[in-house]
Amino acid sequence: MFLMRTRSWNNKSLLLILCLTGLYLSTNGVMILIPHHIVSATVNESATLSVEYRCNGVPTIRWKQLSAWGMKNIITWEPGNYQNISESYEDRVQKYRNGSIQLSNVQLYDAGCYVVTVTDKAGSSKDGVIVLNINEPVYKDLHFVAVVTTVLMAVSIVLMFFLWICNQIMQLCKMKGRAQRVNASTDMELSPL
Ligand SMILES: *[C@@H]1O[C@H](CO)[C@@H](O)[C@H](O)[C@H]1NC(C)=O
Ligand SMILES: *[C@@H]1O[C@H](CO)[C@@H](O)[C@H](O)[C@H]1NC(C)=O
């Protein structure tokens, strides 16, 4: 299953992973696999920080956020035993059997480094790091553009109507002037008689 999953990756990362896996297995019994070290999400959407671990016995899994303000605990759990979720994450973190977590309703302040630590009963542990990027939604800008376009279109329609009215009035004036001139010339022609 592990090999099948890695087959789609390129050869270099496959080699690197095999080396690292060998290194992990030779040093201690805990192993963390992270398919994507950089994850992107949009404001108000959810982000999955996906990992998989291998270890003997029941581990303790701990997720922390590393930001400019320091380390912040998110969730710590021992599968089947207990879980401890930080107050600020209570309603918006979900854990998965493979050690992954999902943050829902992410905001700009969620951007940063996330560190997962898996510790086994013998006390050996491994860390994994995932960087989370948060994008601002694009539709706000699009909405603004749509509003501006509508306003500009309305203004130009009003302007065109105004020009048309002006044009009509000018035509009317011209016709009146011509009619007056015609009247005057007929008067002049008639007066000597
Ligand atoms: C872990 O489980 C979650 C939920 O089932 C899944 O979305 C994620 O892809 C899994 N991670 C790995 C590395 O298999
Ligand atoms: C849960 O976290 C709180 C605050 O970080 C800590 O005081 C408490 O001892 C923890 N409980 C367990 C069972 O780890």
Side-chain angles (χ1 to χ4, degrees), residues 1-140:
M1 186 174 136
F2 170 55
L3 271 178
M4 279 199 11
R5 198 161 285 172
T6 53
R7 200 170 287 162
S8 59
W9 298 345
N10 64 45
N11 284 342
K12 253 188 206 160
S13 49
L14 182 69
L15 264 179
L16 188 72
I17 283 158
L18 286 178
C19 288
L20 289 178
T21 312
L23 198 69
Y24 279 151
L25 289 178
S26 66
T27 49
N28 64 46
V30 183
M31 191 177 91
I32 298 179
L33 273 169
I34 299 177
H36 304 288
H37 285 275
I38 298 175
V39 174
S40 293
T42 306
V43 168
N44 292 334
E45 287 182 354
S46 61
T48 302
L49 305 176
S50 177
V51 300
E52 220 179 319
Y53 67 86
R54 301 267 185 281
C55 94
N56 298 318
V58 179
T60 304
I61 302 160
R62 185 189 305 272
W63 279 93
K64 288 178 184 180
Q65 187 198 9
L66 182 62
S67 68
W69 299 276
M71 274 280 198
K72 205 161 64 172
N73 281 316
I74 301 172
I75 182 171
T76 305
W77 82 95
E78 213 172 275
N81 291 339
Y82 78 93
Q83 71 173 32
N84 197 354
I85 302 179
S86 288
E87 232 172 86
S88 52
Y89 288 92
E90 235 160 52
D91 306 320
R92 60 191 205 98
V93 68
Q94 194 187 343
K95 64 176 166 49
Y96 294 112
R97 196 188 286 256
N98 59 11
S100 307
I101 57 168
Q102 186 183 56
L103 297 176
S104 47
N105 201 12
V106 294
Q107 300 302 319
L108 287 177
Y109 55 73
D110 287 319
C113 273
Y114 288 81
V115 182
V116 57
T117 308
V118 178
T119 312
D120 69 5
K121 282 280 171 281
S124 50
S125 73
K126 271 275 132 39
D127 292 327
V129 178
I130 294 180
V131 175
L132 178 62
N133 291 324
I134 305 290
N135 306 314
E136 283 194 81
V138 192
Y139 63 82
K140 271 188 191 160

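This is a predicted model, so every value here is computed, not measured. Quick note: residue numbers are just sequence positions, from 1. First listed ligand is number 1; within each ligand, the first listed atom is number 1.
For ligand 1, the atoms lying closer than 4.0 Å to a non-hydrogen atom of Pro35 are 13 (C). Remark: ligand 1 atoms within the under-4.0 Å shell around heavy atoms of Asn98 are 1 (C), 2 (O), 3 (C), 8 (C), 10 (C), 11 (N), 12 (C), 14 (O). Numbered from 1 in the order shown, with element, the atoms of ligand 1 that lie under 4.0 Å from a heavy atom of Val51 read 11 (N), 12 (C), 13 (C).
Ion pair Arg92/Asp110 flagged as a salt bridge, since at least one NZ, NE, NH1 or NH2 atom sits closer than 4.0 Å to an Asp/Glu carboxylate oxygen.
Thr76 and Asn84 form no side-chain donor-acceptor contact under 3.5 Å, judged by distance and modelled atom types alone.
Close N/O approach between Thr48 and ligand 1 is not found [any backbone or side-chain N/O within under 3.5 Å].
Partners of Glu45 by salt bridge (charged side-chain N to carboxylate O under 4.0 Å, His left out), not counting sequence neighbours: none found.
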- request: May I have the step-by-step check of side-chain hydrogen bond (donor to acceptor under 3.5 Å, both in side chains) for Asn44 and Gln107, ending in yes or no?
  value: CA-CA 6 Å; Asn44 292 334; Gln107 300 302 319; 3.0 Å; yes
